[in-house]
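Okay, so here's the structure we're looking at.
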Amino acid sequence: MAAQEKIRNIAIIAHVDHGKTTLVDELLKQGGIYRENQATQDRVMDSGDLERERGITILAKNTSVYYKDTKINIVDTPGHADFGGEVERILKMVNGVILLVDAAEGPMPQTRFVLQKALELGHKVIVAVNKVDKPDARVHEVMDEVLELLLELEATDEQFNSPTVFCSGRQGTASYSPDEMGKDLTPLFETIVQYIDPPQGDENAPLQLLVSSIDYNEYVGRIAVGRVEQGKIKVNQEVVICDFHNPEIKQKGKVVALYTFDGLGKAPVQEASAGEIVALSGMADITIGRTLCDPLDVQPLPFVKISDPTIEMTFAVNDSPFAGKEGKFVTSRNLRDRLEKELLKDVSLHVTEQGTDAFNVAGRGEMHLSILMETMRREGFEFSVSTPRVLTKEIDGKICEPIERMVADVPEECMGSVIEKMGRRKGDLLSMTPMGNRYRLEFLVPSRGLFGYRNEFLTDTRGEGIMSSVLHSYAPMKGEIERRQVGSLVSFETGEAVTYGLAAAQERGALFIGPGTPVYAGMVVGICSRNEDMNVNVCKKKQLTNMRASGSDEALRLTTPRIFSLEQCLEFLADDELLECTPKSLRIRKRILDHSERMRQLMKKRQQG
C-alpha cells in the first residue's frame with residue numbers, strides 16, 4: 001500500500017476530441033502497465049461499445065500508473081457538455097487536473113466549463129497543449145488563449161502560473177518547449193509528481209470517504225468509488241452511510257470487498273488509508289454523494305450540487321400496431337425499473353412519472369438522452385419518445401429559458417449561411433475570429449434554437465464545420481422559433497411498401513423506406529417537399545387487367561431511401577410526432593394514427609387559433 005507522499009490523484013479534462021483517451025493510452029504504456037509483448041488496444045479506456053463506435057468518452061473511468069515509486073491515479077473524464085454531471089462529481093476525488101488543449105483548435109466551450117469547476121474547487125492545473133505535431137498547430141496563439149481563459153475565470157495567481165507541457169498523445173511524447181519534440185512522456189510524469197500535491201488526510205482520524213461514482217456488477221451489485229479523505233478503511237469494517245444535504249439519512253453498512261485501481265483492473269486489498277482512491281462493494285443502496293463514516297464519529301462531507309438538467313423528453317410504452325414484435329422488454333414496469341437503475345449511476349438525470357405508462361426524463365442535452373435511448377435499445381427495450389422540450393425556470397417573476405454558448409469553426413465561404421440560420425434561431429453573434437482560412441464564430445443561442453440544427457449546419461458547411469455548445473445562463477424567453485421548414489409523408493394504410501406505391505410517393509419528397517418495409521397507417525415514411533403533411537399510399541399495387549400485364553410499362557426507378565440515425569430522428573420530430581425505438585428499428589409516427597381523427601384535431605386547432 002502506497003504512503004500518502006507517494007500518491008498523486010489527477011483528472012484529465014478537455015473538450016471532446018482533444019485527445020484525452022489517446023494520451024491516457026500512452027501514459028499506461030509508459031507507466032509499465034503492459035507486459036513487454038502484450039497486445040494493446042487503442043483508446044483502451046473507452047470500454048463501452050457506444051464509446052468505441054462514436055469515438056467519445058461517456059463515463060468517467062479510473063486507472064492508475066506508476067512513475068518510479070509514485071502511484072498516479074488518473075481519472076479519464078468525458079469531454080461532451082451533456083455528460084458534465086460526470087465531470088463535476090469526479091473532481092472531488094482528485095487533487096489536481098491536467099487541462100488538455102488541442103494545439104490547432106485552442107480552448108473550446110467545454111474546456112471553459114470543466115476548467116471553471118476545477119478552479120472553483122481550488123485544484124492545481126497543469127496545462128498540456130496536445131497535438132503539437134499537427135500541420136495546422138498554432139501553439140503560441142493557443143497558449144495566449146489559455147492564459148486569457150484563466151484570467152476570465154478568475155484563477156488565483158498560482159493557478160494562472162500553471163506549468164505547461166507540450167505533448168503529442170499519438171506519438172507518446174512530451175517536452176517543456178513548444179519548439180522541440182520530446183522522446184517520451186517523462187516531462188509530463190515529472191510535472192505531475194513535482195507540481196501536484198499529494199493527498200492531505202490524517203490516517204489516524206476517524207474514517208471519512210465520499211462516494212463520487214458508482215459502478216455496477218451483476219455478481220456483487222453496486223460498487224462505490226471514492227477517495228478516502230481521512231482515516232483507514234478495512235474489509236469487514238462496520239460503517240455509517242450519511243448525507244450532507246439530508247441529515248436524516250444514517251444507515252449502517254459493512255465493507256464486504258475493497259479494491260484499489262491498478263492499471264486497467266482492480267486489485268483486492270485488506271485495507272486502504274487516507275489519500276487512496278478505492279472501490280468497495282457490500283452496500284446495496286449506496287448512492288453518489290453519500291459519505292461513509294466511522295460509527296463513533298458521523299460527519300458527512302459536503303458534495304458539489306450537480307447542475308440542473310436543461311431538456312426533457314417523455315419516454316412511454318410503445319403503443320403502435322407493431323408493438324412487442326421486436327423488443328424483449330415492452331411493459332411500463334420494465335421501463336420504470338430500467339430508468340430507476342440509470343438514476344443510480346447518473347446523477348444529472350431526473351425522472352418523473354406521468355400517469356401509468358409514461359415518464360418524463362430530464363437530462364443535460366439531446367446527446368445525454370440519446371445515449372441512454374441507444375443503450376436501452378441495445379439491451380432489448382422497446383418504447384416511444386416525444387420531441388425534446390426545454391426546461392424553463394422562473395426568475396424574478398419572468399419565465400426564463402436556457403441559453404447556450406455555441407462555438408462554430410467554419411470555412412470562410414460558409415460563414416454567411418451559418419450567421420443567417422443562427423439569426424433565425426434567435427442567436428446573437430458575440431465574436432468572429434479569423435483562424436487561417438477559417439473563422440471561429442461565437443453565439444449565444446437558446447437551447448431550443450439548437451434542436452435539429454446540427455444536420456443543417458453540416459450541410460451548410462459541406463461537412464467541414466465543427467460546432468459545440470455549453471450551457472451559458474438563463475434569460476427571458478426569446479419568442480417563437482421555427483422548427484422545421486418541411487412536412488411529413490404519412491402512410492395511409494397498413495401493409496408492406498411496394499415499388500409501385502413508393503415510386504408515386506417519391507415525387508412528393510424524400511423517402512425513409514424501401515420496398516418490402518412493413519408500414520402502418522399513421523407512420524411517417526418520408527419528408528414532404530412542402531411545408532405540410534401529406535398522406536401517401538406506399539402499399540398501392542399496380543392493378544392487373546386483361547389490357548396489360550402488371551410488369552410491363554417503363555421500369556420504375558427508386559431513389560435510395562434516407563436512413564436516419566437516432567439523433568437525426570430526434571431532430572426531425574415534429575410536436576405531433578413520436579419516435580418508436582425498438583432494438584431493430586427506428587420509426588417516426590404521428591401521435592394520432594387515425595387520419596380522420598388527425599384532421600378533426602387540426603380543424604379544431606385552426607378554429608381556436
Side-chain angles (χ1 to χ4, degrees), residues 10-27 30 74 76-77 79 96-116 118-119 123-153 155 157-192 194-196 407-412 431-442 464-468:
I10 58 159
I12 298 190
I13 56 175
H15 186 77
V16 68
D17 266 352
H18 280 197
K20 293 179 298 300
T21 308
T22 309
L23 185 69
V24 173
D25 274 357
E26 286 300 323
L27 286 168
Q30 296 183 28
I74 301 171
D76 183 18
T77 60
V97 296
I98 295 178
L99 175 70
L100 204 64
V101 182
D102 187 303
E105 292 184 5
M108 297 285 271
Q110 188 56 29
T111 320
R112 166 187 296 272
F113 170 78
V114 286
L115 181 60
Q116 187 171 7
L119 295 178
H123 286 333
K124 284 190 169 181
V125 180
I126 296 172
V127 179
V129 180
N130 194 25
K131 306 189 186 181
V132 290
D133 52 341
K134 276 174 80 168
D136 57 346
R138 30 180 213 103
V139 180
H140 296 286
E141 291 100 310
V142 166
M143 281 301 303
D144 293 341
E145 288 171 18
V146 172
L147 291 175
E148 278 174 31
L149 182 60
L150 285 165
L151 271 175
E152 262 183 64
L153 297 178
D157 289 350
E158 186 184 20
Q159 287 168 334
F160 185 71
N161 296 316
S162 301
T164 305
V165 182
F166 302 90
C167 315
S168 165
R170 189 184 286 176
Q171 294 185 9
T173 61
S175 67
Y176 294 115
S177 159
D179 305 316
E180 61 181 68
M181 287 298 284
K183 296 184 186 63
D184 54 21
L185 288 174
T186 305
L188 182 57
F189 279 123
E190 282 289 343
T191 310
I192 293 169
Q194 303 298 332
Y195 184 68
I196 302 292
V407 173
D409 269 3
V410 296
E412 193 174 343
S431 68
M432 194 161 77
T433 320
M435 294 166 60
N437 59 351
R438 295 168 73 88
Y439 272 81
R440 174 171 292 181
L441 308 173
E442 278 200 44
E464 290 181 44
I466 301 167
M467 68 170 270
S468 55

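The figures here come from the full heavy-atom set of this structure, side chains too, leaving out hydrogens, waters and symmetry mates.
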Sub-3.5 Å donor-acceptor pair from the side chain of [X] to the main-chain atoms of [Y], do we have one?
X    : Y    : result
K124 : Y195 : yes
S162 : V125 : yes
E412 : Y439 : no

Legend entry - Y176 vs T191, side-chain contact (heavy atoms from CB on, under 4.5 Å): CA-CA, chis, key distance, verdict: CA-CA 10 Å; Y176 294 115; T191 310; 3.7 Å; yes
[X] and [Y]: which non-hydrogen atoms are nearest, and at how many Å?
X    : Y    : answer
F166 : V139 : CE2-CG1, 3.5 Å
H140 : P178 : CE1-CG, 3.8 Å
T173 : K183 : CG2-O, 3.6 Å
V142 : G106 : CG2-CA, 3.8 Å
V132 : A137 : O-CB, 3.8 Å
A174 : P187 : O-CG, 3.2 Å

Inter-residue atom distance [X].[atom1] - [Y].[atom2], 0.5 Å rounding:
X    : Y    : atom1 : atom2 : answer
M143 : T164 : CE    : OG1   : 3.5 Å
D144 : L149 : CG    : CG    : 12.5 Å
I10  : I192 : CD1   : CD1   : 4.0 Å
I13  : I98  : CD1   : CD1   : 10.0 Å
N130 : L99  : CG    : CG    : 11.0 Å
I196 : I126 : CD1   : CD1   : 4.0 Å

Legend entry - Any L119 side-chain heavy atom under 4.5 Å of L150 side chain: yes
Legend entry - Contact check, side chains of D102 and K134, non-hydrogen atoms, under 4.5 Å: yes
Inset, instruction - Starting from the C-alpha separation in whole Å, work towards a yes-or-no answer on salt bridge (charged side-chain N to carboxylate O under 4.0 Å, His left out) for R138 and E145. - result: CA-CA 11 Å; R138 30 180 213 103; E145 288 171 18; 3.0 Å; yes
